[in-house]
> 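Could you have a look at this structure, given as structure tokens, before my questions?
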Amino acid sequence: MRPLNIKEAASRLGISPRAIRFYEEKGLILPAKQASNGYRSYTENDIWRLQTISALREIGMSLQDITHALGEIDQGNQQRLEEYLELQQAVMYAQWIELKRMLDTTQRMIDLNRQDGPLDVSHLHELADSSRRLREARQNWHDRWNYDTQAAIHDERVQAKSNSIPASSPSSASFPEEADSMPYNESRDVGEHQDTQKAPPSSFYLYHNYDEALEQTANWISPVPGEHGLDIGTGTGNLAGKLMERHALMTGIDQSREMLRTCRTKYPGMHVKLGNFLALPFADQTFDFLVSSFAFHHLSPDQQQLALQEMQRVLTPRGRICLTDLMFADALHREAYIRQAEADGNGEQLLAIRERHFPLLDELTRWLETNGYVTKTVRHNELLHTMLAVPLR
DNA sequence: ATTCTAACA
DNA sequence: TGTTAGCA
């Protein structure tokens with residue numbers, strides 16, 4: 001194929017010629033120059049390189065990081081190459097879903113226009129507004145890109161914390177009735193939460209009952225051997241591992257390369273993929289069930305909505321969902337909890353609550369039930385819950 | 001008509 | 001990165 005000049009290359013990639021020159025200035029590419037006029041000349045290789053740069057850029061990687069990444073590819077690091085290819089794939093999925101969403105929005109506007117006659121402006125604004133917010137939400141996962149650094153120490157930390165609690169520790173003794181994970185309904189749940197205002201002292205409890213909660217999740221899913229399951233935010237694969245023991249075919253996605261690396265070595269039999277929770281890199285109706293533990297609270301409330309929609313998309317019509325995470329019963333519970341933490345001067349806990357977006361149990365339940373699910377929930381400790389959602393059918 | 005470099009926003 | 005200017 002004939003080498004492209006800069007304008008052709010730019011239009012093919014959907015970026016500006018200036019951007020391309022800028023990348024060159026930063027040392028990311030080095031196109032040949034025509035001796036006669038000094039015009040840059042881009043070969044297929046250059047184009048591929050630019051494509052890579054552009055894709056990585058879209059995910060919000062800094063040019064510095066891209067330099068580094070490209071370096072590894074140049075050295076023939078296949079492992080890395082695959083990661084970056086998946087990254088590009090993830091971007092494409094995000095775009096695909098965005099497109100679908102826009103189609104959806106316009107369709108809704110058309111419908112509303114037909115039904116209620118001329119659409120009043122406020123409604124139009126509302127639609128446009130939500131559409132904008134959704135898009136913003138999706139962009140925010142760029143930040144997660146740097147989450148990697150935490151990966152290496154993740155498992156150690158969890159291990160350390162659950163081990164540091166003896167089986168007969170006071171805190172678990174004060175919740176003896178939870179030991180037997182009995183499903184209970186929402187109203188009872190709210191009631192029970194009222195005495196949680198004597199909030200626990202330190203933050204280690206956030207991970208206490210960690211393993212019990214994962215067990216619960218796997219039990220509730222109880223996969224039929226051979227069923228396909230997706231673990232969103234699989235981290236190092238602890239939950240997916242339990243489901244594989246039960247002979248499910250597990251796929252895990254995470255937004256962190258480092259996490260996935262660890263996961264791959266821990267569970268060679270597991271499909272592991274880099275991906276955005278808000279644009280799952282899978283076709284519609286791919287999985288029989290879907291689990292997620294300790295991942296939801298990394299998303300903003302808006303993003304959680306998107307994630308739920310995505311889950312439905314990749315799930316089979318009869319697919320079930322089981323979520324384990326720290327949750328508040330409702331907004332009041334959250335407020336009370338924060339007040340208590342303030343009173344205790346527990347800064348660590350306050351920070352944890354403020355920086356995460358622990359789902360509200362009542363909202364989550366409402367959303368799922370509105371979307372055709374029957375739910376049941378079990379509480380493992382003050383905040384830790386496991387929720388199962390099965391299609392009404 | 002296009003591209004290039006350089007400089008400024 | 002976008003924009004603009006002055007060249008080849």
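Chain A is the first sequence line, chain B the second, and so forth, proteins listed ahead of strands; every chain is numbered from 1.
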> Scan every strand shown for a Watson-Crick or G-U wobble partner of dA8(C), both distances under 3.5 Å, and answer none if you come up empty.
dT2(B)
> I want to check something: taking the side chain as every heavy atom from C-beta on, are Thr375(A) and Leu364(A) in contact at a cut-off of under 4.5 Å?
no
> Separation of Ile53(A) atom CD1 from dT1(C) atom P, in whole Å?
10 Å
> Do the side-chain N or O atoms of Ser16(A) get closer than 4.0 angstrom to the phosphate oxygens (OP1, OP2) of dG2(C)?
yes
> Could you walk me through whether Glu215(A) and Arg246(A) pass salt bridge (charged side-chain N to carboxylate O under 4.0 Å, His left out), step by step?
CA-CA 11 Å; Glu215(A) 281 293 334; Arg246(A) 290 165 170 78; 3.1 Å; yes
> What is the nucleic acid contact for Lys33(A), judged by heavy atoms within less than 4.0 Å: base, sugar-phosphate only, or nothing?
sugar-phosphate
> With heavy atoms under 4.0 Å as the rule, sort Asn37(A) into base, sugar-phosphate or nothing.
nothing
> Taking only side-chain N and O atoms of Arg57(A), does any of them lie within less than 4.0 angstrom of OP1 or OP2 on dT1(C)?
yes
> Which pairs with one or both residues in residues 311-326 of chain A pass salt bridge (charged side-chain N to carboxylate O under 4.0 Å, His left out), sequence neighbours excluded?
Glu227(A)-Arg320(A), Asp284(A)-Arg313(A), Glu310(A)-Arg313(A)
> Rounded to the nearest angstrom, tell me the gap between atom OH in Tyr23(A) and atom C1' in dT1(C).
9 Å
> For Tyr39(A) and Leu63(A), take the nucleotide of DNA chain C holding the closest heavy atom to each; which residue's nucleotide lies nearer the 5' end?
Leu63(A)
> Identify whether the distance between the nearest side-chain nitrogen and carboxylate oxygen of Asp74(A) and Arg49(A) falls below 4.0 Å.
yes
> Does this structure show an ion pair linking Glu24(A) with Arg21(A), if we count only N-O contacts that are shorter than 4.0 Å?
no
> In whole Å, what is the span from the CD atom of Gln34(A) to the C1' atom of dA8(C)?
14 Å
> Earliest and latest nucleotide of DNA chain B, 5' to 3', sitting under 4.0 Å from a non-hydrogen atom of chain A?
dT2(B) to dA7(B)
> Tell me which of Arg18(A) and Ser41(A) sits closer to the 5' end of DNA chain B, going by the nucleotide each one is nearest to.
Ser41(A)
> Would you mind reporting whether Tyr210(A) and Asn381(A) have side-chain heavy atoms less than 4.5 Å apart?
no
